[in-house]
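As structure tokens, the structure follows; a few thoughts come after it.
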Amino acid sequence: MNATVPAEDTSAVPVWNDPALSLPARVDALIDAMTLQEKTAQLYGVWVGASDQGGEVAPHQHDMEEAVDLDALLPTGLGQLTRPFGTVPVDPALGALSLARTQIRIAATNRFGIPALAHDECLAGFAAWGATAYPVPLSWGATFDPDTVRRMAAAIGRDMRAVGVHQGLAPVLDVVRDARWGRVEETIGEDPYLVGTIGTAYVQGLESAGIIATLKHLVGYSASRAGRNLAPSSLGPRERADVLLPPFEMAIREGGARSVMNAYTDTDGMPSAADEELLTGLLRDTWGFEGTVVADYFAIAFLKTLHGVAADWAHAAGTALHAGIDVELPNVKTYGAPLAEAVTDGRIPETLVDRALRRVLTQKAMLGLLDKDWNPVPAALDGADLDDPAALRGRIDLDGPENRSLARTLAEEAVVVLSNDGTLPLARPRRIALLGPNADEPTAVLGCYSFPQHIGVRNPGTPLGLQLPTLRDTLAAEFPDAEITFTRGTGIDDGDLSGIGQAARAAREADVAVLVLGDRAGLFGRGTSGEGCDAETLALPGAQQNLLDALLDQETPVITVLLAGRPYALGRAVEESAAIVQSFFPGEEGTHAIAGVLSGRTNPSGRLPVSVPRGPGSQPATYLGARLAHASEVSTIDPTPAFAFGHGLSYTCFVWAELAVDAAEAPTDGQFTLSFTVRNAGERPGTEVVQLYLHDPVASVVQPAQRLVGYTRVELEPGEARRLRVTVPADLASFTGRDGRRTVEPGALELRLAASSADPRLTATVMLTGPERLVDHMRRFHASFHQEPVARA
């Protein structure tokens with residue numbers, strides 16, 4: 001029986017409101033006091049938009065859902081508010097006031113005074129009007145710099161927490177398996193170790209600010225057939241265990257992530273939202289995850305409408321709840337009346353509701369939302385006159401100088417110079433022809449989950465809310481003495497050939513041509529990159545290759561610059577362009593970063609997080625393939641990339657030498673220690689990115705030809721050298737064996753110290769000895785790097 005709240009003693013503090021008591025005691029008491037409808041109300045959200053006048057939020061009308069009646073829902077409570085800032089443009093201070101007023105109403109309307117947990121997107125910055133637009137995750141991967149990503153995430157989290165948001169739907173830990181997939185820009189790269197380390201750093205930063213990080217998307221979404229969004233995935237158990245799951249393991253164990261979101265896809269006929277073995281057996285029983293599992297938007301309803309494994313909404317709710325999904329997002333569809341009715345008539349056990357509810361209420365208690373002194377007014381509004389909304393407008397700055405400085409650092413570290421015949425850095429050219437569809441487009445630096453591209457495009461006439469200088473603007477500032485002529489040439493994807501002749505003439509009359517190509521981010525067909533914007537091939541969109549080829553026919557050197565969300569095949573440019581500069585949607589400071597690389601103000605240190613294909617039709621292919629996945633004489637398709645994973649050039653040169661191995665043999669529970677020297681042999685400061693790859697020549701099951709197991713950034717002045725000492729645990733050689741268990745096998749290994757996956761500099765052949773050893777998710781994930789200065793010669 002469910003107890004009712006005693007009404008006669010209003011002075012007593014209910015158990016669940018007393019922070020001095022243990023969390024389990026508080027939560028259990030609250031669950032015991034709730035009716036079934038009050039329980040289920042905590043398991044769903046309502047999609048809302050904050051008011052630009054500071055009033056209460058308004059339900060968002062989405063074409064996949066019927067309208068929501070807040071007045072009818074709130075008396076039983078509400079679990080989540082979906083995207084109060086990321087739905088409509090709203091001044092941040094008035095949005096914070098709107099959210100606070102709504103929380104007051106929610107708490108006052110239900111019997112227990114429980115506010116909602118508010119979540120929002122934060123993939124490349126807080127997705128709110130006027131908030132800093134940082135580089136997209138693919139650029140995070142290009143930095144090979146977890147420390148800076150961690151600082152960025154902490155800044156994002158502080159901004160979100162300051163205005164009353166509790167949970168962020170990031171990071172995306174999907175490993176790229178097919179670059180045609182539209183959401184490649186949202187990923188960190190094609191290697192699980194890079195994705196895991198950078199993603200974990202992001203989680204640590206976000207969680208350090210008190211924001212619940214949500215890992216997306218468990219699991220297999222990025223391995224969809226033909227790179228199509230929300231398509232079935234063809235995954236074997238080893239690919240899932242050894243490629244797709246490790247980033248999630250790392251982010252949970254080392255990052256402390258408190259939420260996980262399921263993938264839309266199905267694997268071998270099993271939708272992730274219905275997969276109890278995944279969401280409960282692996283995630284909770286094996287890995288020990290104690291947070292909440294939230295549904296990707298509409299994923300529970302999709303069990304009926306798209307997957308066909310549920311007959312009605314109640315069946316979908318029971319299936320998802322049984323699998324382990326605790327919260328339905330973005331709106332109530334199945335976890336409301338259909339779930340309550342199915343529990344009442346015995347089709348779904350109430351224990352499943354209680355299991356999910358306990359996790360949800362525990363998280364709310366940890367956030368202070370159940371405390372007797374809970375304050376709905378967020379920190380950013382402390383001391384403000386909340387009765388004068390007009391005076392609040394402009395009070396909160398979500399894009400301050402510290403944020404912009406951090407955004408520029410990330411953007412600079414993420415620029416990758418793919419090729420350079422010596423034209424870069426530019427030596428004070430007199431005439432620059434600036435060409436291409438992204439050369440004078442402010443939003444060319446933004447991904448599809450940035451606020452302007454995600455929401456702003458649906459609100460024409462609304463100011464961007466950000467300073468987004470174009471490359472035309474920043475080049476003019478970088479080269480004040482140069483004459484810069486601009487010609488668009490063609491559009492992103494319109495196929496227009498009419499301006500190509502004019503662009504060619506402009507190039508002929510210049511000392512150098514800077515051609516800026518790439519993508520337009522958008523959603524569901526509104527762009528060439530982004531969610532629902534999958535590509536049939538990796539040819540440049542529209543007529544961009546025609547423009548590129550026409551310019552290469554001229555005698556003027558061509559610098560090809562990519563502002564894109566995925567890698568593209570560049571045809572003749574690989575050999576004929578004077579230089580190629582790759583940037584993956586680098587955010588609001590991105591054009592400053594690119595201009596700095598072109599001028600030489602910044603020495604590039606970015607490295608490719610994804611391979612750049614040589615031809616447009618070689619997908620799916622990544623560097624992380626077995627021997628049969630690479631070029632051979634028995635196939636006419638050569639998947640060898642034009643530029644390999646980990647590749648990137650500098651304006652200085654580095655010499656690697658003096659490799660030493662402490663001991664060439666170690667037991668299967670031991671480790672190896674290598675040491676070597678890296679010297680800056682050039683004339684300017686630079687950063688080398690040292691990458692460690694493991695090659696296992698003989699194993700009981702097929703292994704990738706090599707895989708990244710470690711990396712570090714080495715910053716060196718001209719002539720400076722560092723001695724690097726690397727400890728490599730045997731655990732890094734583990735893989736899923738024939739019996740499905742993770743094993744470390746004895747045998748020979750190669751440890752390749754490399755500048756990219758195609759550029760090994762030093763190789764150590766070592767031997768693991770002793771018995772085969774089983775390991776699990778508690779294995780060691782990392783090689784440790786230690787740097788010591790070396791006396792100058």
Side-chain angles (χ1 to χ4, degrees), residues 135 139 142-143 407-442 444-445 468-489 503 506-507 510-518 547-548 551-552 554 556-564 570 573-574 576-608 612 643 647-652 682-687:
S139 273
T143 69
R408 184 174 295 199
T409 296
L410 269 163
E412 288 174 345
E413 290 186 358
V415 175
V416 186
V417 174
L418 300 182
S419 67
N420 183 19
D421 67 2
T423 300
L424 292 182
L426 293 174
R428 302 179 64 84
R430 187 169 62 87
R431 296 171 301 176
I432 300 174
L434 180 61
L435 313 166
N438 273 338
D440 197 32
E441 173 52 59
V445 295
L468 294 178
T470 69
L471 192 55
R472 185 180 185 180
D473 298 326
T474 56
L475 278 184
E478 200 77 28
F479 298 98
D481 299 327
E483 175 189 344
I484 299 177
T485 59
F486 166 70
T487 301
R488 189 164 180 260
D511 299 321
V512 65
V514 177
L515 175 61
V516 192
L517 306 173
L547 175 60
L548 175 54
L551 298 183
L552 293 174
Q554 314 307 312
T556 304
V558 176
I559 298 170
T560 304
V561 177
L562 283 304
L563 284 165
L570 301 174
V574 172
E576 299 179 32
S577 193
I580 302 174
V581 177
Q582 175 77 66
S583 184
F584 298 108
F585 291 143
E588 62 184 52
E589 292 290 322
T591 61
H592 288 290
I594 293 170
V597 166
L598 296 181
S599 71
R601 173 173 50 82
T602 300
N603 191 353
S605 64
R607 301 294 186 265
L608 281 175
V612 173
F643 302 104
H647 170 75
L649 302 180
S650 171
Y651 294 152
T652 189
E683 298 179 353
R684 61 176 297 169
T687 299

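The two residues Arg428 and Asp481 come nearest to each other via the heavy atoms NH2-OD2, 2.8 Å. In this structure, Gly648 and Val416 approach most closely via the heavy-atom pair CA-CG1, 3.9 Å. Heavy-atom minimum distance, Pro135 versus Pro586: CG-O, 3.1 Å. Here the closest non-hydrogen pair linking Pro469 and Thr474 is CB-CG2, 4.0 Å. Nearest heavy atoms, Ser139 versus Ala414: O-CB, 3.4 Å. In plain terms, the two heavy atoms of Gly590 and Ala411 that are nearest each other are CA-CB, 4.1 Å.
Between Thr591 atom OG1 and Glu589 atom CD the span is 7.5 Å, to the nearest 0.5 Å. Note that the CD atom of Glu412 and the OG atom of Ser583 stand 11.0 Å from one another [nearest 0.5 Å]. Considering OG1 of Thr485 and CG of Leu434, their distance stands at 8.0 Å, rounded to 0.5 Å. Interatomic distance, Arg430 CZ to Ile484 CD1, rounded to the nearest 0.5 Å: 13.5 Å. Here Ile559 contributes atom CD1 and Ser419 contributes atom OG; the two are 10.0 Å apart, rounded to the nearest 0.5 Å. Of the inter-residue distances, the one linking Asp440 atom CG with Phe486 atom CZ reads 4.5 Å to the nearest 0.5 angstrom.
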Requested in this report: Given side-chain contact (heavy atoms from CB on, under 4.5 Å), test Thr602 with Tyr651 step by step and report yes or no.
Outcome: CA-CA 9 Å; Thr602 300; Tyr651 294 152; over 6 Å; no

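Salt-bridge check for Arg488 with Glu441: failed, with every basic side-chain N at 4.0 Å or more from each acidic carboxylate O.
The shortest distance between side-chain heavy atoms of Glu478 and Leu598 does not fall below 4.5 Å. Counting only heavy atoms from C-beta outward, the side chains of Phe479 and Ser599 approach each other to under 4.5 Å. The closest side-chain heavy-atom distance from Leu471 to Asn438 is not below 4.5 Å. Residues Val445 and Leu563 form a side-chain contact, since some pair of their non-hydrogen atoms from C-beta on lies under 4.5 Å apart. Residues Leu649 and Leu424 are not in side-chain contact: their nearest non-hydrogen atoms beyond the backbone lie 4.5 Å or more apart. No side-chain heavy atom of Gln582 sits under 4.5 Å from any side-chain heavy atom of His647. Using a 4.5 Å heavy-atom cutoff, the side chains of Leu418 and Thr560 are not in contact.
Here the rule is side-chain contact (heavy atoms from CB on, under 4.5 Å) with Leu435, and of Leu548, Leu517, Leu551, Val516 only Leu551 fits it.
Looking at Asp511, its side chain does come within 3.5 Å of a backbone N or O of Arg431 through a donor-acceptor pair.
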